[in-house]
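The residues of the chain are indexed from 1 along the displayed sequence. The basis for the numbers below is simple: all heavy atoms, side chains too, and nothing from hydrogens, waters or symmetry mates.
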Amino acid sequence: MQILPGTDVAELFHRLVAEQVPGRRGLAAWRSLLRAHATLMRRLDTDLEQATGLALADFDALAQLAQAHGALRMTELADRALISRSGMSRRVARLVAEGLIRRDKTGTDGRGVVVALTQAGITRLAKTAPLHARGISKLFVAQLDDQELALLEHALNKVIVDCSFG
């Protein structure tokens, strides 16, 4: 497609989207989902980091390990945290350097890596989890009634996509 100089880019964009989404059905809901996710995550990250010095993504890695009884294979941790394996490797390296987690070899061939919480990681998680949970409660849960929460959960569960973040 050749775009001529002077083309009304807003109109072009509107037309291109309308070709793929008849009647623009659902686009307002999609934009609201993106905006809600982005603003909530930004606020939760900012609040957590200011209060505890721990980034939300680091907290998530520690929380995923805790929910798995303290340890996971590196690939499982990346999948649960919805981050690429290379991104998780960098995050794990940082958390190991801070003493919050440790890496252990697994299996007879020694190629597998298990990531486990350290005592310092458990202590840090215990200090940050209540603050994070309060943020979720205040910024998200308190804004919706029980019916809205149930409807939102049901609707979002219908559109979860199975993907690999390899």
Taking Arg15 first and then Glu19, would you say they form a salt bridge - that is, a charged N and a carboxylate O separated by under 4.0 Å?
yes
Given side chains that start at C-beta, do those of His14 and Arg24 come closer than 4.5 Å, heavy atoms only?
yes
State whether the number of non-hydrogen atoms from other residues, nucleotides or ligands found under 6.0 Å of Asp145 atom CG is greater than 12.
yes
Backbone N/O of Asp8 and side chain of Glu11: donor-acceptor pair under 3.5 Å:
no
Taking Leu16 as the starting point, is it possible to reach Val21 by hopping between hydrophobic residues whose side chains are less than 4.5 Å apart?
no
I want to check something: taking the side chain as every heavy atom from C-beta on, are Leu72 and Val114 in contact at a cut-off of under 4.5 Å?
no
Side chain of Ser32, backbone of Ala28: donor and acceptor closer than 3.5 Å?
yes
Check this for me, if you would: do Asp45 and Arg43 make a salt bridge, where the nitrogen-to-carboxylate-oxygen distance has to be below 4.0 angstrom?
no
Side-chain touch Ile136/Val141, heavy atoms, less than 4.5 angstrom:
yes
Going by heavy atoms in the side chains, are Phe140 and Leu44 under 4.5 Å from each other?
no
Please give me the minimum heavy-atom distance between Pro130 and Leu125, naming the atom from each residue.
CD-O, 4.4 Å
Would you say Arg102's side chain and Val96's backbone share a donor-acceptor pair under 3.5 angstrom?
no
Less than 4.5 Å apart, any side-chain heavy atom of Asn157 and any of Glu153?
yes
List the steps, then state whether side chain to side chain contact (heavy atoms under 4.5 Å, CB included) holds for Arg124 with Lys127.
CA-CA 5 Å; Arg124 187 77 174 271; Lys127 289 179 181 177; 5.6 Å; no
In the structure I gave you, are the side-chain heavy atoms of Asp58 and Arg91 within less than 4.5 Å of one another anywhere?
yes
What's the shortest heavy-atom distance between Arg103 and Ser89, and which atoms?
NH2-O, 3.5 Å
Is there a chain of hydrophobic side chains (I, L, V, M, F, W, Y, each step under 4.5 Å between heavy atoms) that links Leu33 to Ile160?
no
Test item: Leu62 and Thr128 side chains (from C-beta on) under 4.5 Å apart, heavy atoms
no
Can you get from Leu139 to Leu156 by hopping between Ile, Leu, Val, Met, Phe, Trp and Tyr side chains that sit under 4.5 Å apart?
yes
Taking Leu54's backbone N and O only, do any of them form a donor-acceptor pair with Thr52's side chain (distance below 3.5 Å, no angle check)?
yes
So, for Leu77 and Ala61, which heavy atoms are closest and what is the spacing to 0.1 Å?
CD1-O, 3.8 Å
Test your reading of the model: is there a side-chain donor-acceptor pair from Gln143 to the backbone of Lys138, 3.5 Å cut-off?
yes
Looking at every non-hydrogen atom in both residues, tell me the closest pair between Ala78 and Met88 and how far apart they are.
CB-CB, 3.9 Å
Flag yes if more than 12 heavy atoms outside Gln147 fall under 6.0 Å of its CD atom; otherwise flag no.
no
Locate the shortest heavy-atom distance separating Leu65 from Val115; write the atom from each residue and the value.
CD2-O, 3.3 Å
What heavy-atom pair brings Thr118 and Gly99 nearest, and what distance separates the two atoms?
OG1-O, 2.6 Å
Are Leu34 and Val17 grouped together when hydrophobic residues (ILVMFWY) are joined by side-chain heavy atoms under 4.5 angstrom apart?
no
